[in-house]
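Worksheet for the structure shown next.
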Amino acid sequence: MAKRKPLLSKTAGIFYLLVLGVILFVIIGNFCIPNEIGYKNTECQEFDVKWYRVLADGEKYEIEVPGKCEAESGELVVTEAVVPSYVSDGKFLCFRNSLHDMQVYIDGELRHEYTTKDTRIFGKTSENVFVFVPVYAKDAGKTLRVEISSLSSYSGTMNTVYYGDQFAIWKTLVEMYGMEFVIASFMLVLAVITIVICMLLKACYRKEIGLEYLGWGILLVAIWIISVNSLRQLFFSKITLISFINYFSLMLLPLPFAMYINYIQKFRYKKIHYMIDTLILGNFAICSVLQFLNIADFAQMLMMIHAVFVISVLGVCVSIFLDIKKGYIRSYLLIVVGFIVLVVAAIAEVLQLYICDDIVNATEICVGLIVLLFMAVIKTQQDIVNLERERQKVMFDNKNQTEFLAKMSYEIRTPINTMIGMNEIIARENKNEEIAQYVFNAQQAGRTLLALVNDVLDFSKIESGKTEIVNENYRLADLILESYGMVSERLEKKALRGTVYCDPKIPSEYEGDLPHIRQILVNLLSNAVKYTEKGVVDFSVRAKKLDEHNMSVEFTVKDSGIGIKPENLAKIFNKFERFDISKNRKSEGTGLGLNIAKQLANLIKNLKIQVS
């Protein structure tokens with residue numbers, strides 16, 4: 001095997017070089033090889049004309065496009081321009097609509113209308129889309145009239161207008177907004193991979209992996225960026241639905257990040273995080289209700305959504321500040337650095353949204369997320385190493401404990417059996433009544449001690465995974481008689497009435513692990529006898545038909561003992577668990593009998609045990 005490693009290493013090196021060569025070939029070829037698609041007549045340019053706003057009284061004044069006209073919410077804004085002479089057939093004007101209903105007229109004729117009032121289920125505004133309006137050579141010199149209205153804060157907003165064929169326009173838009181979409185898609189895949197890995201680690205270590213919360217946060221960010229991206233109409237036809245997803249993800253976005261910080265802080269500030277969680281979920285509920293009742297649109301509540309976002313960040317910052325003050329910050333300093341980078345990126349995004357432009361460019365947020373994720377992966381790796389060390393230590397300790405218990409139980413059982421045997425000899429030979437009582441007490445103590453040792457031995461064998469299930473044919477009558485017979489003597493000594501019932505319709509022959517099934521029944525019966533001072537112990541066997549070809553056999557052990565509190569039922573099968581010790585001081589035992597019965601039942605196929 002040692003001689004193959006250099007060969008494998010060389011093969012891997014050649015593979016990597018070939019992959020690198022293919023990538024370089026594609027990059028160089030993209031610049032050197034001529035265009036072979038055939039789109040030669042492709043052009044896209046800004047529609048550079050003079051725009052005028054037309055007031056209700058017919059007065060006109062020149063405006064800048066892109067720009068914003070002063071307009072009240074819901075006010076109809078009318079703008080006009082003269083179609084230039086360079087327009088030709090097969091071309092389009094492309095308007096980026098900002099939550100407006102839009103009508104485009106050329107020479108008084110309605111050329112195109114965009115609105116979602118007949119298709120949207122909830123809300124009062126149409127969604128952001130690129131609206132393509134066909135133009136022809138004959139339109140040159142004619143009046144272009146655009147009417148827009150919106151109930152949002154974007155009322156009167158005019159964005160850059162593009163002119164060209166559709167392919168060229170989309171190519172230009174992809175060049176402008178495509179990288180953002182690609183980055184968001186990458187983040188989406190990265191988030192899914194992170195979540196899946198964390199779920200697998202959680203199943204392996206049976207502990208929460210905090211990185212999973214961060215994965216959900218990145219997933220929401222990716223969904224938000226994709227749903228708000230200017231190219232979304234290329235991939236989704238239900239724009240209103242995608243817009244709702246945009247706002248839903250934006251409102252929930254702070255929650256997983258707050259949960260991650262709460263996890264990293266080991267839940268030290270439950271009240272702060274409870275208030276943050278309540279604020280986020282309450283905002284989500286209120287905004288959703290207002291939207292669905294058509295009282296207010298998400299776009300109109302955007303400032304409130306952002307305010308909740310900022311308050312949530314401030315709440316997390318307060319908890320971090322408290323950790324700095326108490327000296328806990330050292331344990332997650334890398335996470336704090338990543339969180340600060342993300343917050344700065346988010347602030348830059350919000351400022352860009354409100355001050356510069358209404359187009360979301362989430363590159364900064366993606367960079368911040370990648371930094372935070374990188375820091376979180378380092379922290380998680382350290383946590384996993386610690387978890388693995390703890391698991392190995394627990395496994396080692398359990399193995400040593402199990403081996404010690406098994407060895408000691410075996411070593412103790414041998415002299416106990418000798419003592420019991422000697423007591424039996426003394427009992428047969430003895431004629432003195434006083435000595436006979438001593439012998440009887442010693443015999444009872446020996447048998448109790450032997451039962452305890454056997455429980456420990458059985459428990460250690462199960463815990464070490466050395467219990468084997470061997471199926472064999474057996475008669476149900478033998479199982480019932482043997483199981484009941486092993487507790488009948490104790491029933492008589494406690495003056496308890498024992499009853500046995502077997503459904504006559506039950507078949508007599510079965511296949512299964514007879515010794516272990518018998519041990520389960522004996523443990524259940526012994527437990528019933530142990531905690532019953534007077535009354536009856538019922539042992540019944542009934543058949544329950546499942547379908548035409550299958551049936552189940554139900555063994556029931558019922559007693560008239562002291563019972564158990566409802567809150568303790570869930571813990572009755574726990575190892576070393578005993579309840580109401582003050583009332584049950586006379587009842588010997590280790591608290592392993594029912595646990596052993598439960599574990600054996602889990603090992604045997606199609607066998608279930610429950611308590612009521």
Side-chain angles (χ1 to χ4, degrees), residues 39-72 74-119 125-152 154-177 230-231 233-234 239 357-359:
Y39 293 108
K40 295 182 179 179
N41 186 26
T42 58
E43 62 177 36
C44 176
Q45 65 187 56
E46 290 189 12
F47 190 60
D48 188 14
V49 296
K50 291 184 178 181
W51 288 91
Y52 298 88
R53 180 177 180 181
V54 182
L55 300 179
D57 58 3
E59 182 184 351
K60 298 182 182 180
Y61 64 89
E62 188 174 349
I63 60 173
E64 289 187 6
V65 175
K68 182 176 174 62
C69 302
E70 292 297 329
E72 299 293 331
E75 180 181 348
L76 180 66
V77 177
V78 180
T79 56
E80 288 185 351
V82 176
V83 179
S85 59
Y86 59 74
V87 298
S88 58
D89 294 341
K91 304 299 182 180
F92 290 83
L93 296 178
C94 177
F95 298 86
R96 195 174 75 82
N97 176 49
S98 295
L99 302 178
H100 294 108
D101 289 334
M102 176 182 287
Q103 296 84 33
V104 180
Y105 298 85
I106 296 181
D107 198 26
E109 176 190 351
L110 180 63
R111 185 64 56 90
H112 188 83
E113 180 180 12
Y114 170 72
T115 180
T116 61
K117 63 182 180 180
D118 296 328
T119 56
T125 59
S126 298
E127 300 304 327
N128 293 336
V129 294
F130 287 103
V131 178
F132 287 83
V133 180
V135 292
Y136 308 97
K138 64 180 182 179
D139 296 329
K142 296 180 179 179
T143 300
L144 171 66
R145 181 184 177 93
V146 179
E147 298 179 357
I148 58 175
S149 62
S150 175
L151 293 174
S152 71
Y154 295 118
S155 179
T157 300
M158 292 286 292
N159 299 301
T160 302
V161 183
Y162 296 96
Y163 165 77
D165 59 73
Q166 274 191 306
F167 176 82
I169 294 173
W170 276 121
K171 182 180 178 183
T172 300
L173 296 176
V174 168
E175 289 172 354
M176 293 173 61
Y177 308 114
S230 299
L231 302 178
Q233 70 190 85
L234 282 175
I239 300 299
D357 192 50
D358 64 332
I359 300 176

Grab the two heavy atoms, one from [X] and one from [Y], that are nearest each other, plus how far apart they are.
X: Lys68; Y: Ser155; answer: NZ-O, 2.7 Å
X: Leu173; Y: Tyr162; answer: CD2-CE1, 4.2 Å
X: Ser98; Y: Asn128; answer: CA-OD1, 3.0 Å
X: His100; Y: Ser150; answer: CD2-CB, 3.4 Å
X: Thr125; Y: Leu99; answer: CB-O, 4.0 Å
X: Ile148; Y: Thr157; answer: CD1-O, 3.7 Å

[atom2] on [Y] to [atom1] on [X], rounded to 0.5 Å:
X: Glu113; Y: Gln103; atom1: CD; atom2: CD; result: 4.5 Å
X: Met158; Y: Ile63; atom1: CE; atom2: CD1; result: 5.5 Å
X: Cys44; Y: Gln166; atom1: SG; atom2: CD; result: 11.5 Å
X: Tyr163; Y: Phe92; atom1: OH; atom2: CZ; result: 11.0 Å
X: Glu64; Y: Cys69; atom1: CD; atom2: SG; result: 10.5 Å

Apply side chain to side chain contact (heavy atoms under 4.5 Å, CB included) to residues Trp51 and Val146 and explain how you reach the verdict.
CA-CA 10 Å; Trp51 288 91; Val146 179; 4.0 Å; yes

In a check of side chain to side chain contact (heavy atoms under 4.5 Å, CB included) between Cys94 and each of Ile169, Thr172, Val131, which one passes?
Ile169

Side chain to side chain, [X] and [Y], heavy atoms closer than 4.5 Å:
X: Arg96; Y: Thr160; value: no
X: Val135; Y: Ile106; value: yes
X: Val87; Y: Tyr136; value: no
X: Gln233; Y: Ile239; value: yes
X: Phe47; Y: Val65; value: no

Are the charged groups of [X] and [Y] less than 4.0 angstrom apart, N to O?
X: Asp139; Y: Arg111; result: yes
X: Lys60; Y: Glu80; result: yes
X: Lys117; Y: Glu127; result: no

Should we say atom CD of Glu70 is surrounded by more than 12 heavy atoms from elsewhere, each under 6.0 Å from it?
no

Has Glu62 got more than 12 heavy atoms of other residues, nucleotides or ligands less than 6.0 Å from its CD?
yes

Could you tell me how the ring of Phe130 sits relative to the ring of Tyr177: parallel (under 30°), tilted (30 to 60°) or perpendicular (over 60°)?
tilted

On the 0 to 90° scale, with breaks at 30° and 60°, tag the Trp170-Phe132 ring pair as parallel, tilted or perpendicular.
tilted

Let me see the working for Val77 and Arg53 under side chain to side chain contact (heavy atoms under 4.5 Å, CB included), right down to the final yes or no.
CA-CA 8 Å; Val77 177; Arg53 180 177 180 181; 4.1 Å; yes

Given the rule in the side chain to side chain contact (heavy atoms under 4.5 Å, CB included) test, do Tyr114 and Asp101 qualify, once you have shown the distances and angles that lead to the verdict?
CA-CA 6 Å; Tyr114 170 72; Asp101 289 334; 5.8 Å; no

Counting distance only, does the side-chain N/O of [X] pair as donor-acceptor with the main-chain N or O of [Y] below 3.5 Å?
X: Asn159; Y: Pro66; answer: no
X: Asp107; Y: Glu109; answer: no
X: Asp89; Y: Ala137; answer: yes

Working for side chain to side chain contact (heavy atoms under 4.5 Å, CB included), residues Val104 and Leu144:
CA-CA 7 Å; Val104 180; Leu144 171 66; 3.6 Å; yes

